Structures are given as structure tokens and as C-alpha cells.
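What follows is a single structure, written as C-alpha cells, with notes after it.
Source: prediction; values computed, not measured.
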Amino acid sequence: MAQRAARMSQDLSEALKESTKEVHEQAETTDFMMRFQKGQMSLHEFKLYLASLYYVYVALEKESERNKDNPVYAPVYFPNELNRRAALEEDLEYFYGPTWRKEIQCHEATQKYVDRLHHVGQYEPELLVAHAYTRYLGDLSGGQILKKIAQKMFHLPSTGEGLSFFNFPGVTNISKFKQLYRARMNSLPMDSATEERILEEAKRSFLLNIEVFKELQRLTSQGQTTENLRLEEPKLDLHTRGINRTHSPKESDRVQMRHQQMLPSTPLLRWALAIFFLATTVGVGLYAM
């Protein structure tokens with residue numbers, strides 16, 4: 001009871017930050033996000049991550065639009081500054097190509113998140129405040145760090161292709177905008193019971209994100225995807241040749257023919273060359289140890 005009284009003496013933004021501190025840390029320290037932060041994520045995993053975000057933001061922004069005139073949500077409705085759907089569509093087309101809608105899939109944990117957003121938007125719209133807070137303010141904060149990591153990890157163009165999700169052209173000053181957003185949150189008309197429900201929903205939002213991260217980790221570690229080995233090609237080529245392109249059959253044949261023409265023409269020469277490569281490989285391995 002005393003804890004609840006203390007919360008009610010705080011601004012909503014402060015109460016949200018404090019009440020979600022533990023679950024927020026849990027989300028950041030999942031295996032999936034730790035590997036992202038360390039720059040150890042594969043391109044394939046990053047694409048799955050963007051696809052899951054797309055489904056979440058489609059649902060969030062549909063319900064935000066539905067409730068844009070609700071007095072408990074309208075003050076924190078900033079579609080021009082915050083909406084992410086269009087940005088994610090740009091990124092998905094960049095990575096998957098023009099047929100990206102047929103390539104991505106809404107997996108179970110992501111669908112659970114989506115279903116919760118639709119339920120809240122239709123039956124408990126005041127709780128959208130919690131979901132908007134955890135998503136958009138997170139994107140404006142830690143998301144900017146993830147952007148730099150992803151750009152370096154995948155050698156993405158400095159012009160921003162593939163990273164539209166992390167860019168907010170409608171926000172000229174992120175720090176000042178976050179201050180405005182928090183001030184709007186703190187002015188929302190609600191009673192103590194509604195505020196308590198929003199705090200609990202914010203925790204639930206983080207837990208839903210954690211389940212998504214765990215599922216993405218399982219999908220990649222168990223190979224339960226339809227991606228093929230082309231996605232693990234050297235990262236250096238990503239910004240120079242387009243990510244989803246492959247050689248045409250004729251071009252592949254030409255490359256193979258050139259390689260064959262470079263091989264020694266006699267068995268004796270081939271044998272000598274093989275011994276040379278074997279000796280070189282062993283030498284490099286010992287040097288690396």
C-alpha cells in the first residue's frame with residue numbers, strides 16, 4: 001500500500017521508468033539483444049527482427065489511429081514524428097527486395113504481441129499509453145545506439161539505406177522531444193486505478209518483447225526458417241551490390257568456367273599445388289594460435 005502511495009506521488013513518466021526497470025533490464029540482457037549489442041548478429045537475424053517489428057508497429061499504429069481522439073491517449077499521439085510503419089517498409093524492401101511482403105512471416109510470439117495491441121486498442125485504449133511509451137521512447141533512446149551497431153555490423157551505406165526504422169526525420173531534437181512526450185504523459189487525465197493498470201501494462205509490454213526475442217533466437221539457432229546460405233555472404237558486399245540479388249545462371253556459368261580454366265592442366269601440377277595449399281593452411285593455423 002505504501003509503495004502504491006509513493007507511486008501516486010510521482011509523475012507517470014517517472015513511475016513508468018521505475019516500475020519497468022527490472023523487466024527492462026531483462027529485455028536488454030536476452031541472448032538475442034546481447035548479441036545485437038556486441039555486434040554479433042547475422043544479417044538473417046536482423047531481417048527477422050525488422051519483420052517482427054513491422055507486425056508490431058502495424059498493430060500499434062492502427063490502434064493509435066483508432067484512439068487518436070481518446071482524451072487519455074490523444075496528448076501522446078504524434079503520428080508525423082513517431083510512426084514507424086513506412087520506415088520499416090522501406091527497410092524490408094531494401095533487405096528482401098520488392099516481394100518482401102511474401103517473404104516475411106508473423107511468428108507465434110510476435111502474433112501474441114500483435115493480438116494484445118489489438119485487444120488494448122479496442123477494449124482498453126488507455127493502456128495504449130504503456131505500449132507507446134515502451135516502443136517509441138525506446139526507439140528514440142537505445143534505438144539510436146542499435147542503429148550505429150547495425151550500420152557497422154552490416155557495412156550499410158552512410159546514406160541510411162536499411163536503417164530507416166532508426167531515423168526520425170520529424171524529430172529535430174530527440175532530447176527535447178522526449179521531454180515534451182513525458183510532459184504530455186504526465187498531464188494525462190486519469191485516476192490512480194488507471195495509472196496502476198498502465199504501469200502493469202508497461203511491464204507486460206516488456207515481457208511480450210522478451211518473448212519475441214527468445215523466439216527469434218530459437219528460430220535462428222534451430223534453423224526453423226526458409227532463408228538460405230546466401231544470407232551469410234561477406235558483409236562487405238552488402239552496400240555495393242544489393243542484398244537480395246543473385247547471379248544469373250549464365251553469369252554463374254561464366255564464373256565457374258573461368259575458375260576451371262585457372263586450374264593446372266595436368267594431374268602432377270594439381271597434386272603439387274594441393275600440397276602447397278595444405279602446408280600454407282597449417283602454417284596460418286599455428287600462427288593464429
Which distance, rounded to the nearest 0.5 Å, do you find between the [atom1] of [X] and the [atom2] of [Y]?
X	Y	atom1	atom2	result
Met185	Glu195	CE	CD	9.0 Å
Asp91	Tyr96	CG	OH	11.5 Å
Tyr77	Asn67	OH	CG	10.0 Å
Lys17	Thr20	NZ	OG1	9.5 Å

Using the salt bridge (Lys or Arg N to Asp or Glu O under 4.0 Å) criterion, which residues pair with Glu61? Sequence neighbours excluded.
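If we apply the salt bridge (Lys or Arg N to Asp or Glu O under 4.0 Å) test to Glu61, skipping adjacent residues, there are no hits.
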Can you name the residues that form a salt bridge (Lys or Arg N to Asp or Glu O under 4.0 Å) with Arg182, not counting sequence neighbours?
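Salt bridge (Lys or Arg N to Asp or Glu O under 4.0 Å) list for Arg182, sorted by chain: empty.
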According to side-chain hydrogen bond (donor to acceptor under 3.5 Å, both in side chains), who are the partners of [X], at least two apart in sequence or on a separate chain?
X	value
Arg197	Glu124, Glu126
Glu90	Ser164
Arg204	none

Side chains of Ser205 and Thr134: is there a donor and an acceptor less than 3.5 Å apart?
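Ser205 vs Thr134: donor-acceptor pair found between side chains.
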Under 3.5 Å, is there a donor on one side chain and an acceptor on the other for Lys214 and Thr30?
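There is no such pair between these side chains.
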Rest of the hydrophobic cluster containing Tyr123 (Ile/Leu/Val/Met/Phe/Trp/Tyr, side-chain heavy atoms under 4.5 Å)?
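ILVMFWY cluster around Tyr123 holds nothing else.
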Taking the six-membered ring for Trp and the single ring otherwise, decide whether the centroids of Tyr55 and Tyr113 are under 6.0 Å apart.
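Not close enough - the centres of the two rings lie 6.0 Å or further apart.
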